[in-house]
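To keep things clear, I will list the structure first and then write my remarks on it.
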Amino acid sequence: QVQLVESGGGLVQAGGSLRLSCAASGSISSINGMGWYRQAPGKQRELVAAIFSGGSTNYADSVKGRFTISRDNAKNTVYLQMNSLKPEDTAVYYCKADPVIAVDGSYRYLVVWGQGTLVTVSS
């Protein structure tokens with residue numbers, strides 16, 4: 001089994017910064033994509049940022065220039081540095097990973113979600 005443990009959420013004033021971390025644990029052979037999604041009250045979950053095994057990244061237009069996603073492959077960890085936070089960034093942030101595990105001589109491709117961490121930006 002693969003688990004994701006998120007940390008770094010909290011309350012911050014508008015214009016401030018937070019750094020989210022998400023560490024994957026378990027019998028992991030490799031991890032393809034890793035990313036962050038968020039869900040605000042009454043809204044659908046949306047992609048915030050993603051990073052792929054080769055290092056390429058993808059960002060939602062609303063966070064470009066303010067958020068930076070990075071990963072440490074040796075630690076199976078993905079980070080989200082959030083700067084210039086706005087009240088509209090308030091949401092539960094979820095980590096997602098696409099790990100590959102070896103089972104009985106073959107590979108299985110999984111999709112795993114973290115439990116979510118709340119980010120609240122006050123005006």
Side-chain angles (χ1 to χ4, degrees):
Q1 296 294 332
V2 177
Q3 292 185 329
L4 302 180
V5 177
E6 300 148 339
S7 61
L11 173 64
V12 65
Q13 288 188 333
S17 298
L18 283 175
R19 188 191 193 210
L20 305 182
S21 299
C22 172
S25 63
S27 300
I28 299 170
S29 294
S30 62
I31 302 179
N32 293 327
M34 301 186 80
W36 291 94
Y37 290 71
R38 67 186 180 187
Q39 187 166 18
K43 295 188 177 181
Q44 290 187 334
R45 190 174 298 189
E46 63 176 1
L47 173 69
V48 176
I51 185 166
F52 304 96
S53 56
S56 61
T57 58
N58 185 31
Y59 293 92
D61 288 342
S62 59
V63 306
K64 284 181 180 177
R66 299 188 299 122
F67 292 10
T68 302
I69 190 169
S70 61
R71 64 189 283 177
D72 184 333
N73 291 328
K75 296 181 179 179
N76 288 331
T77 299
V78 63
Y79 306 96
L80 186 67
Q81 178 66 43
M82 303 185 294
N83 299 328
S84 302
L85 282 161
K86 304 175 181 180
E88 51 264 43
D89 294 318
T90 295
V92 177
Y93 284 70
Y94 296 91
C95 175
K96 174 182 171 285
D98 303 325
V100 182
I101 62 172
V103 179
D104 297 331
S106 63
Y107 290 110
R108 291 189 183 178
Y109 298 80
L110 308 180
V111 177
V112 183
W113 289 88
Q115 79 283 0
T117 185
L118 178 62
V119 172
T120 303
V121 184
S122 63
S123 57

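Quantities reported herein were computed from a predicted structural model and do not represent experimental measurements.
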4.5 Å side-chain heavy-atom contact, [X] and [Y]:
{"X": "Met82", "Y": "Leu20", "value": "yes"}
{"X": "Val12", "Y": "Thr120", "value": "no"}
{"X": "Pro99", "Y": "Val112", "value": "yes"}
{"X": "Ile28", "Y": "Val100", "value": "no"}
{"X": "Tyr109", "Y": "Asn32", "value": "yes"}
{"X": "Arg38", "Y": "Glu46", "value": "yes"}
{"X": "Val48", "Y": "Leu80", "value": "yes"}
{"X": "Val111", "Y": "Lys96", "value": "yes"}

Look at the side-chain heavy atoms of Ile, Leu, Val, Met, Phe, Trp and Tyr, link any pair under 4.5 Å apart, and say whether [X] and [Y] land in one connected group.
{"X": "Leu85", "Y": "Val63", "answer": "yes"}
{"X": "Leu18", "Y": "Tyr37", "answer": "no"}
{"X": "Met34", "Y": "Phe52", "answer": "no"}
{"X": "Val92", "Y": "Trp113", "answer": "yes"}
{"X": "Leu47", "Y": "Val78", "answer": "no"}

Asp89 and Lys86 ion-paired at < 4.0 Å: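 A salt bridge is absent here (no side-chain N lies under 4.0 Å from a carboxylate O).
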Working for side chain to side chain contact (heavy atoms under 4.5 Å, CB included), residues Leu110 and Asp98: CA-CA 6 Å; Leu110 308 180; Asp98 303 325; over 6 Å; no
Geometric cation-pi criterion, Arg19 with Tyr79: 6.0 Å, 45°: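 Yes, a cation-pi geometry holds between Arg19 and Tyr79.
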Ring-face cation of Arg45 near Tyr94 (centre distance under 6.0 Å, axis angle within 45°):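 Yes, a cation-pi geometry holds between Arg45 and Tyr94.
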More than 12 heavy atoms from other groups under 6.0 Å of CD on Gln115: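 Yes - once you tally the heavy atoms of other residues, nucleotides and ligands closer than 6.0 Å, there are more than 12.
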Parallel, tilted or perpendicular: rings of Phe67 and Tyr93 (30°, 60°):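 Answer is tilted, since the angle falls between 30° and 60°.
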Rounded at 0.5 Å granularity, tell me how far [atom1] in [X] sits from [atom2] in [Y].
{"X": "Ser25", "Y": "Lys75", "atom1": "OG", "atom2": "NZ", "value": "15.0 Å"}
{"X": "Ile31", "Y": "Ser53", "atom1": "CD1", "atom2": "OG", "value": "10.5 Å"}
{"X": "Arg66", "Y": "Ser17", "atom1": "CZ", "atom2": "OG", "value": "10.5 Å"}
{"X": "Arg71", "Y": "Cys22", "atom1": "CZ", "atom2": "SG", "value": "10.5 Å"}

Would you find a donor on one side and an acceptor on the other, under 3.5 Å apart, between the side chain of [X] and the backbone of [Y]?
{"X": "Glu6", "Y": "Gly116", "value": "yes"}
{"X": "Tyr59", "Y": "Ile69", "value": "yes"}
{"X": "Thr90", "Y": "Val121", "value": "yes"}

Thr77 and Asp72 side chains, donor-acceptor separation under 3.5 Å: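 Short answer, no.
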Shortest non-hydrogen separation from Ala102 to Ser29 and the atoms involved: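 Ala102 and Ser29 have their closest heavy atoms at N-OG, 3.6 Å.
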